[in-house]
Amino acid sequence: MKLKKYMLIDLLLLIGIGVVIEALGVFVFNKMLTATMITTAISLLIMMISITRWKWKGLVVAPFLALATIISGRFFNSHLEYRGLYNWQLYISTLGSLLSLAVNLLWFKYIDYRRTFKSIRLTLLLCLIDVVISQLTLSLLFLAFTGQFFMLGFLAWNSFSFVILFVGVFCLRKQNVLIDIVADLEERNQEIKDADFRMNIEEVVEKEKGDFKDGESS
């Protein structure tokens with residue numbers, strides 16, 4: 001399978017899984033507690049996976065996840081008085097917060113993803129950075145649109161999603177899910193080339209040894 005086709009299938013799977021669970025999660029969380037605006041259920045974890053696997057191309061999942069949040073909150077929210085808050089302003093604010101996880105690209109540029117996810121401390125730090133930056137971006141964009149700054153509110157309303165992010169990353173970091181697909185494939189191809197090169201060298205050496213012995217016999 002070609003890499004582009006594999007990437008397309010992988011991203012479509014992430015979008016499909018993310019949209020369904022995000023919509024369901026926002027519905028369930030809204031039913032479990034009285035929260036004015038829940039903007040993410042599993043989206044932060046999906047963004048972490050997508051960006052790690054496909055770098056900047058992984059950002060393509062963000063608009064779909066944000067839309068799932070708005071649809072769920074607006075049409076399936078058990079708190080009818082809050083449905084109207086799930087509007088285009090909240091959509092753009094939520095989208096911006098998810099896209100802000102592009103900061104991970106800068107992180108992986110200086111700290112390799114393998115080193116990151118092998119270290120509990122670095123994994124915790126990256127997840128914490130994602131939470132802070134995404135919620136700060138969300139709050140500032142919402143402030144720009146409405147004049148209301150809900151940083152503490154969003155931190156409380158989205159608390160379930162933070163737990164999912166931390167638990168999910170720690171469960172997936174050793175399951176070959178949080179990997180850079182392109183870098184991993186290039187390394188595997190290089191290993192195959194190196195192995196073939198060593199085999200060819202060994203064949204040449206064995207052949208020269210055989211020729212040398214034949215020469216001595218004659």
Side-chain angles (χ1 to χ4, degrees), residues 8 11-108 126-165 168:
L8 178 62
L11 289 173
L12 286 175
L13 284 173
L14 287 173
I15 289 172
I17 293 171
V19 165
V20 171
I21 299 180
E22 180 66 24
L24 180 61
V26 171
F27 168 75
V28 171
F29 293 160
N30 267 314
K31 203 169 185 63
M32 288 172 57
L33 72 161
T34 302
T36 306
M37 288 173 286
I38 293 175
T39 64
T40 176
I42 197 175
S43 291
L44 295 180
L45 177 60
I46 294 295
M47 290 301 298
M48 172 73 82
I49 296 171
S50 182
I51 291 172
T52 303
R53 291 172 73 84
W54 300 108
K55 296 185 177 178
W56 64 269
K57 295 177 182 177
L59 296 172
V60 72
V61 306
F64 302 96
L65 299 176
L67 184 60
T69 295
I70 301 303
I71 291 175
S72 181
R74 188 169 186 84
F75 298 103
F76 305 107
N77 195 339
S78 57
H79 304 291
L80 300 181
E81 66 273 24
Y82 295 141
R83 287 188 176 185
L85 297 174
Y86 288 82
N87 51 27
W88 68 268
Q89 291 100 326
L90 188 62
Y91 172 76
I92 296 178
S93 300
T94 301
L95 176 59
S97 73
L98 296 179
L99 292 176
S100 71
L101 265 65
V103 69
N104 290 5
L105 297 174
L106 183 61
W107 173 285
F108 292 137
L126 179 59
C127 290
L128 183 60
I129 289 173
D130 283 350
V131 167
V132 172
I133 289 181
S134 65
Q135 299 311 293
L136 182 59
T137 302
L138 172 66
S139 301
L140 291 176
L141 285 174
F142 195 76
L143 172 64
F145 286 125
T146 67
Q148 297 174 298
F149 187 66
F150 286 143
M151 181 69 178
L152 293 179
F154 284 126
L155 287 173
W157 301 326
N158 294 325
S159 56
F160 282 116
S161 71
F162 307 152
V163 174
I164 290 175
L165 172 65

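Hydrogens, waters and symmetry mates are skipped; everything else that's a heavy atom, side chains included, is used.
- When the side-chain hydrogen bond (donor to acceptor under 3.5 Å, both in side chains) test is applied to Thr39, the partners found at least two apart in sequence or on another chain are Asn158.
- Contacts classified as ring-ring contact (aromatic ring centres under 6.0 Å, His included) and involving residues 57-96 (residues at least two apart or in different chains) are given here: Trp88-Phe145.
- Taking each heavy atom of Val61 and Ser50 in turn, the nearest pair found is CG1-OG, 3.7 Å.
- Not counting sequence neighbours, the partners of Met32 by the side-chain contact (heavy atoms from CB on, under 4.5 Å) test are Val28, Phe29, Phe160.
- A salt bridge (Lys or Arg N to Asp or Glu O under 4.0 Å) check over residues 70-84, counting only residues at least two apart or in different chains, returns nothing.
- Thr40 pairs by the side-chain hydrogen bond (donor to acceptor under 3.5 Å, both in side chains) definition with nothing, not counting sequence neighbours.
- A donor-acceptor contact shorter than 3.5 Å links the side chain of Ser93 to the backbone of Gln89.
- One N or O on the side chain of Ser139 and one on the backbone of Gln135 form a donor-acceptor pair closer than 3.5 Å.
- Here the closest heavy-atom approach between residue Ala62 and residue Leu99 is recorded as CB-CD2, 3.7 Å.
- For the pair Glu22 (side chain) and Ser43 (backbone), a donor-acceptor distance under 3.5 Å is present.
- Here the shortest heavy-atom pairing between Leu165 and Cys127 reads CD2-O, 3.8 Å.
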Practice item. Take Ile133 and Leu136 through the test side-chain contact (heavy atoms from CB on, under 4.5 Å) and record every step on the way to the result. Key: CA-CA 5 Å; Ile133 289 181; Leu136 182 59; 5.8 Å; no

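- For the pair Ile92 and Leu141, the tightest heavy-atom approach, listed with the atom from each and the gap, is O-CD1, 3.9 Å.
- Residue pairs satisfying the side chain to side chain donor-acceptor pair (under 3.5 Å) criterion with at least one member in residues 96-107, sequence neighbours excluded, are listed as follows: Asn104-Asp130, Trp107-Thr116.
- A donor-acceptor contact shorter than 3.5 Å links the side chain of Ser72 to the backbone of Ala23.
- Sorted by first and then second residue, the salt bridge (Lys or Arg N to Asp or Glu O under 4.0 Å) pairs with a member in residues 53-68 read Asp10-Arg53, Lys55-Asp180; sequence neighbours excluded.
- Residues satisfying the ring pair (Phe, Tyr, Trp, His ring centres under 6.0 Å) criterion with Trp157, sequence neighbours excluded, are Phe150, Phe154.
- Taken to the nearest 0.5 Å, the CG atom of Leu67 stands 11.5 Å off from the CD1 atom of Ile15.
- To the nearest 0.5 angstrom, Leu101 atom CG is 10.5 Å from Leu45 atom CG.
- Take Thr52 and apply the side-chain hydrogen bond (donor to acceptor under 3.5 Å, both in side chains) test, not counting sequence neighbours, and it matches no residue.
- To the nearest 0.5 Å, atom CE of residue Met37 and atom CG of residue Asn77 are 11.5 Å apart.
- Here Leu90 contributes atom CG and Ile38 contributes atom CD1; the two are 11.0 Å apart, rounded to the nearest 0.5 Å.
- When every heavy atom of Ala66 is checked against every heavy atom of Thr94, the shortest pair comes out as CB-CG2, 4.0 Å.
- With rounding to the nearest 0.5 Å, the separation of CE in Met47 from OG in Ser134 is 10.0 Å.
- Scanning all heavy atoms of the two residues, the minimum distance from Phe162 to Leu155 falls at CE1-O, 3.3 Å.
- The distance from atom CD1 of Ile51 to atom CG of Leu105, rounded to the nearest 0.5 Å, is 5.5 Å.
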